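Each chain gets a letter, A, B and so on, in the order its sequence line appears, and its residues count up from 1. This structure is a prediction, so every number in the text was calculated from the model and none was measured.
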Protein chains: 2
Amino acid sequence: MSPTPRRISTSTAVLPADGRRQNLSLVLQTLRRLGPTSRAQLAREVGVTKVTMSDLVAELIGEGRVRDVGTAEQAGPGKPATLVDLDRSGLLTLAVDLSVPARLQAAVVDVTGTVLHREERAAAVDAGQGRGLDPAVVVELVRSVLATAQHPVLGIGIGTPGLVAPDGTVRTAPNLGWTDVALRELVAEATGVPVLVTNDSDAATQAELSTSPASQDMVLVQVGRGVGCGVVSGGRLVRGAHHAAGEIGHVTVGTDGGETCSCGRAGCLETWLSVPRLRAALDAGDDPAAADSVAEVGGHRLAVALAPLVAALDLSEVVLAGPAALLEPVVPVVARSLADRLLPSLDTPLTVRLATSPEDIVLRGAAALVLWDRLGVV
Amino acid sequence: MSPTPRRISTSTAVLPADGRRQNLSLVLQTLRRLGPTSRAQLAREVGVTKVTMSDLVAELIGEGRVRDVGTAEQAGPGKPATLVDLDRSGLLTLAVDLSVPARLQAAVVDVTGTVLHREERAAAVDAGQGRGLDPAVVVELVRSVLATAQHPVLGIGIGTPGLVAPDGTVRTAPNLGWTDVALRELVAEATGVPVLVTNDSDAATQAELSTSPASQDMVLVQVGRGVGCGVVSGGRLVRGAHHAAGEIGHVTVGTDGGETCSCGRAGCLETWLSVPRLRAALDAGDDPAAADSVAEVGGHRLAVALAPLVAALDLSEVVLAGPAALLEPVVPVVARSLADRLLPSLDTPLTVRLATSPEDIVLRGAAALVLWDRLGVV
DNA sequence: TTGGTTAGTAAAGAGTACTAACTAAAGATC
DNA sequence: GATCTTTAGTTAGTACTCTTTACTAACCAA
């Protein structure tokens, strides 16, 4: 029983055509991972015969998703390989980042995550006065960027703060002053392009997962105005029972009270750790000890909240995303406090680090999610 | 993009034969869920044509896994259905529960989770004196029960405390005094039957998942000598980076110290909540207030530990497994404390409850895991 | 030149599920 | 009572997917 049979995870029947589609996706994924590759090599990687791989590649070339990129220099005996690769111009996506209202961004992103063209808008949001973000601003921004794309885009991915329903409606987003905004519908109707709306932390997590696919079990904590996270377990982004996974900002941390939070309760994680708080401490005095102390307390509280999560899910990585300068001093505090509160792992120890490339992390993640949704490319 | 295409989750190619196997599994799963069913109904449930379903059923009948159970009483116009059902006698498993050394259990379990025959052994384990459980006892117990099975068993499932490696080796199990015991290998060689070894909490969680398949996102907390848990996210049991998911007993809970734990640190969850502690409080005095107080404190601390997990994974259920009499008073405490520490859910509120049928929960879970591993039956 | 190795293609075959058309058996309708 | 309608299940033929086997093409090494 040890060699567990290859198990497929679906709740509906699997037809041969479904398998074919999966195999086509695998080819694209493999190409994304390896770059230009021969058909023979692809066949070995994916686990089909050369014959089948030639057929799969031919289909992808016919669709304009893959193209021939010439002959490899021979590296030994035998006929030199003819390499194929993703057709980058055929895999453009439009990514939108709404996480910072003062700096709404949209960009054309290629399959490697490179931003080809970017535009920004500034929006003033004051939820307290009932002045939310006008969705028309988002639609205009998307249209403007879409017009600059050199090739048709595969889809539009939007990373937004707040809770997003599976149908692409933003249930609630306090930072944007939104309640039940049918964002997917609005943008899709305005553009005629498929639209995917996700939470910004989930997008960031997907970006991290795509760039460093080593960690199959991790949590990415995004520190901004508030605190959110994305959880990856077994290589899959956790969605949750109500599509609200990752909303840890208003979890009470500790058993000794704390400051009163905007949500009305005391000791929420956001009251201990947030960008405004870290920045204020940095700006306030010339006393570096004060800033250190805020980082110390915030990092400790984050570790208190994360410890049960890390233990219960047996995570191997904790990643912090946000302003690097502010979070840099937090990392060792989190690492130390987590070590204090957990049994040491038998094998590889827990890694705590900053996100590999925090810039445009939401944009890249939104683009990656579109690729995943449209092509099954991880 | 809203109708997300049917996505298969594998990292290797999907051959037609893989799809076929999945579809056969789906038939078994559906029969388990619905009981005796017609081929036409199965076809509608699984999502294939009647023709294909007849073929699938014929194969399963040929293997002795499904059998004809006569004609249905006509419930309307049309030819009456000929019903088929799982052949329960052909789907026996042998389940073993090592979670309580003083009461090692093994049983023949049928596909419904009914225990057909059971045997027990008592073992004295004193890890402090280096006297661990002799694996030969387990082998003898398994052999004894196996001899009583009326039909060949599909596999042997063992639920054991401690950390289990994917190859079926028990890495460490303090309660049994075990370190690196190749349990799967030992039992497999002694019996010639496929063996699956899992953590006891994981087995219990699988049992709960099988009996009430409603909750796709839940945590089951097993309270015994220590505290362990099984996490289900998106309907899947979480394994973790080092196959150590669920080990929350030695997570520090709270920010205000606590008793010293056997692991050497202070404030571990196990120091706040455990069966010995609850029982001692119940037995100690005639003062019911004392027992209440222990349940109060233990339940509160459990909620403190679970809150970040529930929020981050957006769980919909928290299930407590263990001695019902002791845990009964803990449930409302956990529910209240969790509500205090979390933002209320927009939709269905969080459910906190006892396991539906705590008796034999590890045995049933181990059996269910064998069915899953051998047949893909959930 | 000859032999060995690797890439890629061609033809034939096995497996899977489909559609179309059938039989069987019941209730409904005239 | 005869005929229509409905549902279950089977038979025959078809399309699709991947495989095995056998081939050509192109290179290195001796």
Side-chain angles (χ1 to χ4, degrees), chain A residues 6 8 10 12-27 30-31 34 36-63 66-85, chain B residues 6 8 10 12-27 30-31 34 36-63 66-85:
Chain A
R6 186 153 58 172
I8 300 173
T10 58
T12 49
V14 177
L15 312 185
D18 297 321
R20 174 82 172 188
R21 192 148 38 74
Q22 165 71 2
N23 294 344
L24 289 168
S25 289
L26 277 171
V27 175
T30 308
L31 283 175
L34 302 182
T37 313
S38 71
R39 290 168 175 82
Q41 178 66 20
L42 283 172
R44 286 188 290 265
E45 291 279 339
V46 171
V48 296
T49 59
K50 289 187 298 176
V51 180
T52 303
M53 184 51 68
S54 283
D55 191 49
L56 291 168
V57 168
E59 179 168 343
L60 290 170
I61 289 178
E63 287 172 349
V66 163
R67 72 205 157 91
D68 225 298
V69 293
T71 306
E73 296 170 12
Q74 71 287 357
K79 173 181 169 180
T82 60
L83 303 177
V84 295
D85 195 11
Chain B
R6 187 153 56 172
I8 300 173
T10 56
T12 48
V14 177
L15 311 185
D18 296 323
R20 174 80 170 187
R21 192 148 36 74
Q22 166 72 1
N23 294 345
L24 289 168
S25 290
L26 277 171
V27 175
T30 309
L31 283 175
L34 302 181
T37 313
S38 71
R39 290 169 175 81
Q41 177 66 19
L42 283 171
R44 287 188 290 265
E45 291 280 339
V46 171
V48 296
T49 59
K50 289 186 298 175
V51 181
T52 302
M53 184 51 67
S54 283
D55 192 48
L56 291 169
V57 168
E59 180 167 343
L60 290 170
I61 288 178
E63 286 173 349
V66 163
R67 69 203 161 95
D68 225 299
V69 293
T71 307
E73 296 171 10
Q74 72 287 356
K79 172 179 169 179
T82 61
L83 303 177
V84 294
D85 194 12

Are OP1 or OP2 of dC18(D) and a side-chain N or O of N23(A) less than 4.0 angstrom apart?
yes
Validation row: V27(B), E45(B) side chains within 4.5 angstrom (heavy atoms)
no
Given dA17(C), is OP1 or OP2 found less than 4.0 Å from the side-chain N or O atoms of T49(B)?
no
The answer to which of P77(B) and T52(B) contacts DNA chain C further toward the 5' end, by nearest nucleotide, is T52(B)
Atom pairs under 3.5 Å, N or O on each side, protein against nucleotides 9-16 of chain D: can you list them with distances?
unit_1	atom_1	unit_2	atom_2	d
dG9(D)	OP1	T82(B)	N	2.6
dG9(D)	OP1	T82(B)	O	2.8
dG9(D)	OP1	T82(B)	OG1	2.4
dG9(D)	OP2	R39(B)	N	3.0
dG9(D)	OP2	A40(B)	N	3.0
dG9(D)	N7	K50(B)	NZ	2.5
dG9(D)	O6	K50(B)	NZ	3.2
dT10(D)	OP2	S54(B)	OG	2.4

Measuring from Q22(B):CD to T12(A):OG1, what's the distance to the nearest 0.5 Å?
8.0 Å
Find out whether V84(A) and L42(A) are in side-chain contact, i.e. whether some heavy atom of one side chain is under 4.5 Å from a heavy atom of the other.
yes
Interatomic distance, D68(A) CG vs dG8(C) C1' [rounded to whole Å]
12 Å
Would you say that T37(B) contacts R44(B) through its side chain, given a criterion of any heavy-atom pair below 4.5 Å between the two side chains?
no
Length of the CG-C1' vector between L26(B) and dT16(C), whole Å
15 Å
Applying side-chain hydrogen bond (donor to acceptor under 3.5 Å, both in side chains), name anything that partners S54(A), two or more places apart in sequence or on another chain.
none
Could you tell me how far apart L56(B) (CG) and dC18(C) (C1') are, to the nearest whole angstrom?
13 Å
Figure out the CG/P separation between L15(A) and dC18(D), and round it to whole Å.
13 Å
Whole-Å gap separating C1' (dA17(C)) and CD (E59(B))
13 Å
Would you mind reporting whether R21(A) and D18(A) have side-chain heavy atoms less than 4.5 Å apart?
yes
To the nearest angstrom, the CG-C1' distance between D18(B) and dG15(C) comes to 12 Å
